[in-house]
Amino acid sequence: MPRRMLMPHKSVFSHSRPPKWLNGPFTMNSAKGGYRVFSANSSPACVELAKRITERLGIELGKAVVYQETNGETRVEIQESVRGQDIFIIQTIPRDVNTSVMELLIMTYALRTSCAKNIIGVIPYFPYSKQSKMRKRGSIVCKLLASMLSNAGLTHIITMDLHQKEIQGFFNFPVDNLRASPFLLQYIQEEIQDYRNAVIVAKSPDAAKRAQSYAERLRLGLAVIHGEAQCAEHDMADGRHSPPTVKNTTVHPGLEIPCKRQPLYPGIELPMMMAKEKPPISVVGDVGGRIAIIVDDIIDEVESFVAAAEILKERGAYKIFVMATHGILSADAPNLIEDSAIDEVVVTNTVPHEVQKLQCSKIKTVDISLILSEAIRRIHNGESMSYLFRNIAMDD
């Protein structure tokens, strides 16, 4: 009997019109392999920065809801598909720092469980960056936050002007530390009249390298204020006090316990460290009849800036500007600035400060959304980031 050839059955997928169930949610996402930008909180400043970035990129802001429940817990709902896409989370840090950190962590984890391909945190001001060194029996909180972000699912971070560049070593994924100085330099050249008669001022020797960078780029003179009253950060950053220092207390006569310093080894004693003594405040450099421009990375509590402005005014400076990347301006900073010898405080929009601007007319804002949007575009397209770091030295 001749063997019959089995003809394959006509597949249901060979119809000219696909079945109805393929037209539903099972169709391939046309945006697969693309990218989306989300705002990690609903504060006006964060949403505004995210919208500026998306407008420059020519895309829409991602749909997500971030809110606080009545019991104080943070809830995040992603309202669109992110499968297989590069996701960029914009998170500015308002005064409620811990809530912002939780919003970022929860949104990152929500995107991770929604099968996003890469999750990049765009955090212009990285919180807890001042707690990046060991202080006595404290902890390096910045390292803890880096570990939490990594465990939540972040694969990359874009930030700006880290307080200490060594913070990049806390992460086990890439960190792009952008610079705001080109925007601040442009502001000086375009908005400060007669800036050629200015001098760049470091309010402490610690800020001298940053001030020198500005002075060399603008071809201006440099001045350094030395002998400020408060303790510098490095005075108590390295090492621990062990055993703890003993406070002077009143002891009842007859109960004194003789205290003898025990040597490390018999016959060997460690030399005692001499106590530091701050010299009188002085200005190294000529500021008489000049415009003084104080530069720093963060302006938070402004007492030191106000004191520096008074010294510069006494030395003959007729106009005083303060330039900083991150304008945290906490506590009573706006009122202190308004009543001080400072003529203008210029900061970027890395940190929300709309309320402070309402309290003080001297605060001006420089927009840095351009460099953030360009960084997002280059990372998504796999392009080199070196263009954003051109002419930037190790000390900048």
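Computed over heavy atoms, backbone and side chain alike; hydrogens, waters and symmetry mates excluded. If you read the sequence from its start, that first residue is 1, and numbering goes on from there.
Every residue meeting the salt bridge (Lys or Arg N to Asp or Glu O under 4.0 Å) condition with Glu69, not counting sequence neighbours, appears here in chain and number order: Arg75. Every residue was checked against the side chain to side chain donor-acceptor pair (under 3.5 Å) condition with Gln193, not counting sequence neighbours, and none meets it. Every residue two or more places apart in sequence or in another chain was checked for a side chain to side chain donor-acceptor pair (under 3.5 Å) with Asn71, and none qualifies. Not a single side chain to side chain donor-acceptor pair (under 3.5 Å) links Thr70 to another residue, sequence neighbours left out. With sequence neighbours excluded, the residues satisfying side chain to side chain donor-acceptor pair (under 3.5 Å) with Ser330 are Asp300. Phe126 pairs by the ring-ring contact (aromatic ring centres under 6.0 Å, His included) definition with Phe171, not counting sequence neighbours.
Counting only residues at least two apart or on different chains, no ring-ring contact (aromatic ring centres under 6.0 Å, His included) pair has a member in residues 185-225. Sorted by first and then second residue, the pairs that involve residues 373-384 and meet salt bridge (Lys or Arg N to Asp or Glu O under 4.0 Å), not counting sequence neighbours, are Glu374-Arg377, Glu374-Arg378, Arg377-Glu383, Arg378-Glu383. Applying the side-chain hydrogen bond (donor to acceptor under 3.5 Å, both in side chains) test to pairs two or more places apart or on separate chains, those with a residue in residues 313-325 are Asp161-Thr325. Residue pairs satisfying the ring-ring contact (aromatic ring centres under 6.0 Å, His included) criterion with at least one member in residues 324-376, sequence neighbours excluded, are listed as follows: Tyr125-His326. Applying the salt bridge (Lys or Arg N to Asp or Glu O under 4.0 Å) test to residues at least two apart or on different chains, none of the pairs has a partner in residues 324-341. For residues 47-68, every residue pair satisfying the salt bridge (Lys or Arg N to Asp or Glu O under 4.0 Å) rule, not counting sequence neighbours, is listed here: Glu48-Arg52, Arg52-Asp367, Arg56-Asp367.
Within the 4.5 Å cutoff, no side-chain heavy atoms of Leu154 are placed close to those of Ile120. No side-chain heavy atom of Asp176 sits under 4.5 Å from any side-chain heavy atom of Thr159. Between Phe321 and Ile291 the shortest side-chain heavy-atom distance falls below 4.5 Å. Within the 4.5 Å cutoff, the side chain of Leu372 has heavy atoms near those of the Ile158 side chain. For the pair Leu222 and Leu220, the minimum side-chain heavy-atom distance is 4.5 Å or more. Using a 4.5 Å heavy-atom cutoff, the side chains of Pro174 and Ile157 are not in contact. When side chains are defined from C-beta on, Leu312 counts as touching Ile294, because their heavy atoms get closer than 4.5 Å.
Cluster membership check: Leu185 shares its hydrophobic cluster with Ile293, using side-chain heavy-atom separations under 4.5 Å among Ile, Leu, Val, Met, Phe, Trp and Tyr. Both Val122 and Phe389 sit in one connected hydrophobic cluster of ILVMFWY residues. Membership requires side-chain heavy atoms under 4.5 Å apart, directly or through other members. With hydrophobic clusters built from ILVMFWY side chains whose heavy atoms lie under 4.5 angstrom apart, Leu336 does not share a cluster with Leu358. When the side chains of ILVMFWY residues are joined at heavy-atom separations under 4.5 Å, either directly or via intervening members, Ile59 and Leu61 end up in a single hydrophobic cluster. Leu104 and Phe170 fall within the same hydrophobic cluster, where Ile, Leu, Val, Met, Phe, Trp and Tyr residues are linked whenever their side-chain heavy atoms come under 4.5 Å apart, directly or through other members.
The nearest pair of heavy atoms linking Ser386 to Ser384 is OG-OG, 2.9 Å. In this structure, Pro127 and Val97 approach most closely via the heavy-atom pair CB-CG1, 3.8 Å. Minimum heavy-atom separation, Thr92 to Pro352: OG1-CG, 3.7 Å. Closest approach of Ala292 to Ala317, counting heavy atoms only: CB-CB, 4.0 Å. For the pair His226 and Pro205, the tightest heavy-atom approach, listed with the atom from each and the gap, is ND1-CG, 3.5 Å. A pairwise comparison of heavy atoms in Met323 and Leu184 identifies CE-O, 3.6 Å as the closest pair.
Atom CG of residue Asn41 and atom OG1 of residue Thr74 lie 10.0 Å apart, to the nearest 0.5 angstrom. Separation of atoms OG (Ser129) and CD1 (Ile123) is listed at 11.0 Å; rounding is to 0.5 Å. With rounding to the nearest 0.5 angstrom, the CG atom of Leu388 is 8.5 Å from the CD1 atom of Ile379. Here the CD1 atom belonging to Ile93 is positioned 4.5 Å from the OG atom belonging to Ser100, to the nearest 0.5 angstrom. Here Gln91 contributes atom CD and Thr108 contributes atom OG1; the two are 9.0 Å apart, rounded to the nearest 0.5 Å.
Considering Val351, Ile337, Val355 in turn, Ile337 is the only one that fulfils the side-chain contact (heavy atoms from CB on, under 4.5 Å) rule with Leu329.
A donor-acceptor pair under 3.5 Å is absent between the side-chain atoms of Arg210 and the main chain of Ala208, judged by distance alone. A donor-acceptor pair under 3.5 Å is absent between the side-chain atoms of Ser150 and the main chain of Ala146, judged by distance alone. Checked by atom type and distance alone, the side chain of Asn197 pairs as donor or acceptor with a backbone atom of Gly289 at under 3.5 Å. Side-chain atoms of Arg196 come within 3.5 Å of backbone atoms of Leu218 as a donor-acceptor pair (strictly under, hydrogens ignored). Between the Lys362 side chain and the Ile342 main chain, a donor and an acceptor come within less than 3.5 Å of each other. Remark: side-chain polar atoms of Ser147 are paired, donor with acceptor, to backbone N or O of Lys143 under 3.5 angstrom. The main-chain N or O of Tyr128 is never found under 3.5 Å from a side-chain atom of Gln131 such that the two would form a donor-acceptor pair. Between the side chain of Arg179 and the backbone N or O of Asn177 there is at least one donor-acceptor pair closer than 3.5 Å. Looking at Gln85, its side chain does come within 3.5 Å of a backbone N or O of Ser81 through a donor-acceptor pair. Between the side chain of Gln79 and the backbone N or O of Val65, no donor-acceptor pair lies under 3.5 Å.
Between Tyr35 and Phe88, the two ring planes are perpendicular [angle over 60°; tilted spans 30° to 60°].
A cation-pi contact, defined as under 6.0 Å to the ring centre and within 45° of the axis, is absent between Arg112 and Tyr109.
Side-chain contact of His380 with Asn118: a donor-acceptor pair under 3.5 Å is absent, judged by distance alone.
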